[in-house]
Amino acid sequence: MEDHKSRVIKFILLFAILIFYFTFVSLKYGIKNGLSITLLTWSFFVLCTPIADAGFLLDFPIRLLTGIRMLHSEIIVWIIAISMNLYSLSFMESIYERTVILLIFHHILTNPIYWSIILLSGVGTFISIHLADGLFDLSIDVHHSKFRKHKNIHQIIFFIFLAIAIILMYDFLLRQLGIDIPL
């Protein structure tokens with residue numbers, strides 16, 4: 001139950017940050033541009049971070065309210081994020097010039113050599129979502145078998161190894177872009 005509380009707190013904090021950011025950019029660029037900038041920034045975090053943080057804003061509440069697995073809702077989140085960027089690149093490309101994050105995102109989107117950042121992020125995101133779904137299932141099913149516990153421990157060890165590899169590759173690619181994020 002404690003894990004459930006921490007997920008709710010994380011959701012509330014992420015949602016509050018999103019609202020604050022929308023308010024800030026709307027005051028600076030107007031509501032229409034503010035909404036576009038906020039949605040594209042959200043899509044940056046969906047497509048370019050190897051953990052499901054931006055998608056979590058939708059995945060977790062959908063799982064709580066409907067029982068739909070977070071993996072399935074994350075697929076929809078990625079389709080929405082990709083579609084928004086295809087539209088924005090086609091019809092309002094100048095919006096990417098408004099913030100540093102969107103400038104970097106535009107560079108990633110328009111240079112195929114950096115699409116590997118999106119690919120790595122997708123792998124990391126969907127693995128973390130799969131693990132989160134499994135942990136959510138375990139928190140609900142208190143009477144799971146010893147075999148299932150053993151299997152989950154192996155999955156967690158595999159996930160940790162894969163997460164470290166993804167983060168190291170992700171860091172390397174960001175450094176290629178000239179972005180240095182201390183680990």
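Keep in mind that what you see is a predicted model, and the values were worked out from it rather than measured.
The CG atom of L39 sits 10.0 Å away from the CD1 atom of I95 when rounded to the nearest 0.5 Å. R98 contributes atom CZ, which lies 9.0 Å from atom OG of S36 (distance to the nearest 0.5 angstrom). For the atom pair CD1 of I76 and CG of L71, the computed distance is 11.0 Å after rounding to the nearest 0.5 Å. With rounding to the nearest 0.5 Å, the separation of CD1 in I17 from CD1 in I19 is 11.5 Å. In this structure, CG in L119 is found 7.0 Å from OG in S116, a value given to the nearest 0.5 Å.
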Sequence neighbours excluded and cut-off under 3.5 Å, please list the side-chain donor-acceptor pairs for residues 78-85, or say none.
{"residue": "W78", "atom": "NE1", "partner": "E74", "partner atom": "OE2", "Å": "3.0"}
{"residue": "S83", "atom": "OG", "partner": "I79", "partner atom": "O", "Å": "2.8"}
{"residue": "N85", "atom": "OD1", "partner": "Y96", "partner atom": "OH", "Å": "2.6"}
{"residue": "N85", "atom": "ND2", "partner": "S43", "partner atom": "OG", "Å": "2.8"}
{"residue": "N85", "atom": "ND2", "partner": "A81", "partner atom": "O", "Å": "2.8"}

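Side-chain atoms of E97 and L102, non-hydrogen and from C-beta on, never get closer than 4.5 Å to each other. Two residues are said to be in side-chain contact when any heavy atoms from C-beta on lie closer than 4.5 Å; W115 and L47 fail this criterion.
Linking Ile, Leu, Val, Met, Phe, Trp and Tyr whenever their side-chain heavy atoms come within less than 4.5 Å puts L35 and F91 in one cluster. By the rule that hydrophobic residues join a cluster once side-chain heavy atoms approach within less than 4.5 Å of another member, M92 and L103 end up as members of separate clusters. Connection of F22 to V100 is established within a shared hydrophobic cluster, with ILVMFWY side chains joined at heavy-atom distances below 4.5 Å, either directly or through further cluster members.
The environment of I31 atom CD1 is sparse: at most 12 non-hydrogen atoms of other residues, nucleotides or ligands sit within 6.0 angstrom. Heavy atoms of other residues, nucleotides or ligands lying less than 6.0 angstrom from CG of L13 number more than 12.
Not one N or O on the side chain of S26 forms a donor-acceptor pair closer than 3.5 Å with the backbone of G34.
Contact between F126 and I75 at its shortest, heavy atoms only, is CE2-CG1, 3.7 Å. Residues I118 and C48 approach most closely at CG1-SG, 4.0 Å, considering heavy atoms. Closest heavy-atom contact between L40 and F105: O-CE2, 3.7 Å.
Pairs of residues two or more places apart, or lying in two chains, that qualify as side chain to side chain donor-acceptor pair (under 3.5 Å) and include a residue from residues 101-112 are E93-H106, H107-N111.
Using bins of under 30°, 30° to 60° and over 60° for the plane-to-plane angle, the ring pair F24/F20 lands in the parallel bin.
By the side-chain contact (heavy atoms from CB on, under 4.5 Å) test, V25 pairs with Y21, Y29, I37, T38, sequence neighbours left out.
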